[in-house]
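Read the structure below first, then the notes.
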Amino acid sequence: MRSHPLPSSSPGASSRIAASASHGIVRPPPVIEPARSTRELSTISVAPAAPVPVVVSRWTTGRLAIVAGVVLYLVVVLVLPLIALVVETVRAGFPAVVRALSAPDARFAMQQTLWLTLIAVVVNTVLGVAIALVLVRHRFPGRRLLDAVIDLSLAVSPVMIGLAFLLVLGREGWFGPALEALGGRVAFAFPGLVIATLFVTLPYTVREVANVLAEVGEEEEQVASTLGASAWRTFWKVTLPNIRRGVLLGITLTAARALGEFGAVLVLGGAINRKTETATTYIYGAIEERQVAGAYGMALLLGVVSMLLLLAIERFKDRSPDA
Amino acid sequence: MNVSVSHVSKRFGAYTALDDVSFDVRSGELVALLGPSGGGKSTILRIIAGLELPDEGSIVLGDEVVDRQHPRERRVGFVFQHYALFRHMSVADNVAFGLEAQHAPKEEVHARVHELLHLVGLSGLEKRRPSQLSGGQRQRVALARALAPHPKILLLDEPFAALDAKVRGDLRRWLRELHEETGVTSLFVTHDQEEAFALADRVVVVNKGRIDQVGSPLDIMDDPATEFVARFVGEANVLSGTPSGAGARVGPLDIALDRSAPGNTVHVVVRSYDLKFWRDDANGVATVRRVHALGDRVKVEAALDGVGPLFAQFPRRSSLLHGIEPGCRIAVQITKARAYPATA
């Protein structure tokens with residue numbers, strides 16, 4: 001450390017601002033003086049390179065602007081509505097919310113959503129892992145087509161999906177009469193909700209697991225088979241532990257989507273009170289009927305559950321593959 | 001256990017990976033598949049293991065034709081270049097995997113794991129995860145894992161290519177000793193001729209999906225079957241010449257040939273240690289361009305009159321180097337040369 005010739009009257013901060021303003025521009029001597037003293041200051045804190053602090057401060061300003069923009073955008077688009085939801089729920093009054101949510105129709109909708117989520121998670125985890133294995137580990141004609149079809153439900157509006165199923169499975173749809181003759185109803189009944197939910201949640205586990213499978217590679221499985229392990233043993237002992245992270249991530253995403261699905265279950269299920277109503281269609285109905293407490297309460301409940309799932313996702317993301 | 005590869009061909013779409021490949025590995029031998037990258041060496045290994053199916057041809061392991069057997073029935077030990085250890089299992093569990101898959105009794109598994117980890121010098125690391133081991137240690141775990149279920153043959157795909165030079169050299173010596181100790185028939189793939197010659201009893205030279213030559217390291221060094229082998233193995237000059245009598249004429253030189261070839265033009269291959277240069281200002285036939293010191297050897301690059309570049313290597317203290325410097329004229333004597341048809 002050596003003492004530097006900074007005039008005691010000019011503090012470092014103000015000279016730094018002067019320096020950043022003068023950067024790259026030829027100025028008359030009086031302005032150069034504080035700029036140089038900033039450089040000398042920098043040789044003490046940072047190592048060499050005279051103009052470094054100027055560049056850094058500029059870059060920081062730019063970066064600050066970007067960060068501020070992103071944060072502002074997220075606040076307006078994501079955080080503000082959530083805060084509004086919390087505030088309005090509180091204003092509606094806690095007892096009223098509890099009363100509305102413990103009413104039979106609300107409890108029915110919650111249970112229905114819970115069941116649908118459970119079914120979607122179980123079915124699409126098993127199917128998702130199987131499909132991912134087929135897509136990543138096998139080569140067959142039509143593989144790319146199958147790969148593209150898996151993503152269909154991500155690309156297409158859920159309302160359209162519901163409508164398309166209605167055309168096939170509805171009472172006047174292609175297989176409607178046949179289903180009716182067999183004594184089963186799909187559209188506007190629980191099976192319709194299940195099909196709609198399964199369809200929209202299909203891609204998540206497939207994608208997550210396929211990514212991990214591709215990343216992990218095939219060699220460990222090949223070694224296992226040369227060591228005499230059956231396909232079943234190889235799957236449980238080698239493949240599954242390696243893709244565990246992808247499976248867990250897939251499950252959380254599937255659950256989150258199943259909880260929140262609205263369009264497809266509305267069109268194919270019809271949101272019939274205490275028959276095909278789910279948590280999301282309940283919220284919609286409650287708003288229509290101006291049952292503010294029920295709508296806000298249910299929305300907040302869904303929001304909280306989704307956020308817990310989000311936390312779970314972050315946990316899985318952070319975990320290193322070797323852990 | 002004998003291994004026999006006969007008339008194996010394999011295509012990937014329009015690309016021919018293997019074209020009528022046949023060779024044998026005798027029981028207890030250590031054989032190298034040597035050749036440039038992308039020549040089909042690894043495909044041969046994968047076909048023997050059953051990880052790839054040949055379009056034509058047959059594989060015999062011991063006295064069994066195994067073409068219809070799944071990899072798990074073939075009892076081969078496979079070691080990948082990047083180890084392919086089971087990353088979520090401990091070292092001991094990795095080594096035990098094959099025995100457990102065959103439902104061996106617990107005490108036997110335990111004893112064998114102990115024995116193998118001792119053999120590969122990793123006793124005490126049983127509980128480590130693969131991520132906690134160095135590259136050389138990982139490769140030794142992979143070897144122990146492959147050897148544990150008593151394979152008929154050990155297949156190693158570029159086993160040392162991912163390791164740094166020092167570890168590679170140590171592991172090479174160690175593998176040779178291990179082979180002598182266990183006597184397991186072994187076939188390994190390498191693109192490194194030094195590695196092939198240092199380790200193998202016999203070398204199979206593979207080029208563009210075909211086998212150019214099978215022989216001991218000395219056979220291959222001293223009598224390359226094709227121009228490719230002659231050029232691939234060691235540094236060599238390749239000169240265009242015309243046959244004359246029993247030899248060939250290359251520019252101002254008459255060269256005696258150990259091996260002749262048909263045609264009006266032949267390629268004469270001369271190893272860098274099979275020719276002599278000495279200073280001859282009056283009757284020289286070449287001019288020295290550069291002299292490089294390569295540790296214990298010196299490489300001299302010259303231009304042969306009317307022909308082109310010609311190089312040779314000499315021991316550092318060789319009397320032949322006396323007076324040799326860039327720009328001087330030299331006489332050239334070729335002591336050993338072979339000719340190949342000038343088609344390639």
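Values reported hereafter were calculated over all heavy atoms of this structure, with side chains retained and with hydrogens, waters and symmetry mates removed. Naming: A, B, ... by sequence-line order, numbering from 1 per chain.
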Which of these, Gln222(A), Glu219(A), Glu218(A), sits in a side chain to side chain contact (heavy atoms under 4.5 Å, CB included) with Leu51(B)? Gln222(A)
So which residues of residues 133-156 of chain A are in contact with chain B at a heavy-atom cut-off of under 4.5 Å? none
Counting only heavy atoms from other residues, nucleotides and ligands, does the tally under 6.0 Å from CG of Asp164(B) exceed 12? yes
Are more than 12 heavy atoms from other residues, nucleotides or ligands located less than 6.0 Å from atom CH2 of Trp115(A)? no
Apply side-chain contact (heavy atoms from CB on, under 4.5 Å) to Phe97(B) and Val238(A), showing your working. CA-CA 10 Å; Phe97(B) 188 90; Val238(A) 177; 3.9 Å; yes
Given a strict heavy-atom distance threshold of 4.5 Å, which part of Leu99(B) is in contact with chain A: side chain, backbone, both, or neither? neither
Side chain, backbone, both or neither: which part of His103(B) has a non-hydrogen atom closer than 4.5 Å to chain A? side chain
Which of residues 104-128 of chain B have a heavy atom under 4.5 Å from any heavy atom of chain A? none
Heavy-atom neighbours of Lys208(B) NZ exceed 12 at 6.0 Å: no
Minimum-distance pair of heavy atoms, taken over all atoms of His88(B) and Lys237(A): NE2-O, 2.7 Å
Closest heavy-atom pair and its distance - Ala101(B), Arg233(A): CA-NE, 3.5 Å
Of Arg145(B), Arg75(B), Arg72(B), which is the lone residue that meets side chain to side chain contact (heavy atoms under 4.5 Å, CB included) with Leu227(A)? Arg145(B)
Engaged part of Ala148(B) at the chain A interface, taking heavy atoms whose separation is under 4.5 Å: neither
So for Phe80(B), is it side chain, backbone, both, or neither that comes closer than 4.5 Å to the heavy atoms of chain A? side chain
Identify the heavy atoms of Ala84(B) and Glu220(A) that sit nearest to each other, and give their distance. O-CG, 3.7 Å
Report, as yes or no, whether the 6.0 Å neighbourhood of atom OH on Tyr73(A) holds more than 12 heavy atoms from other residues, nucleotides or ligands. no
At a 4.5 Å cut-off on heavy atoms, which part of Glu73(B) comes close to chain A: side chain, backbone, both, or neither? neither
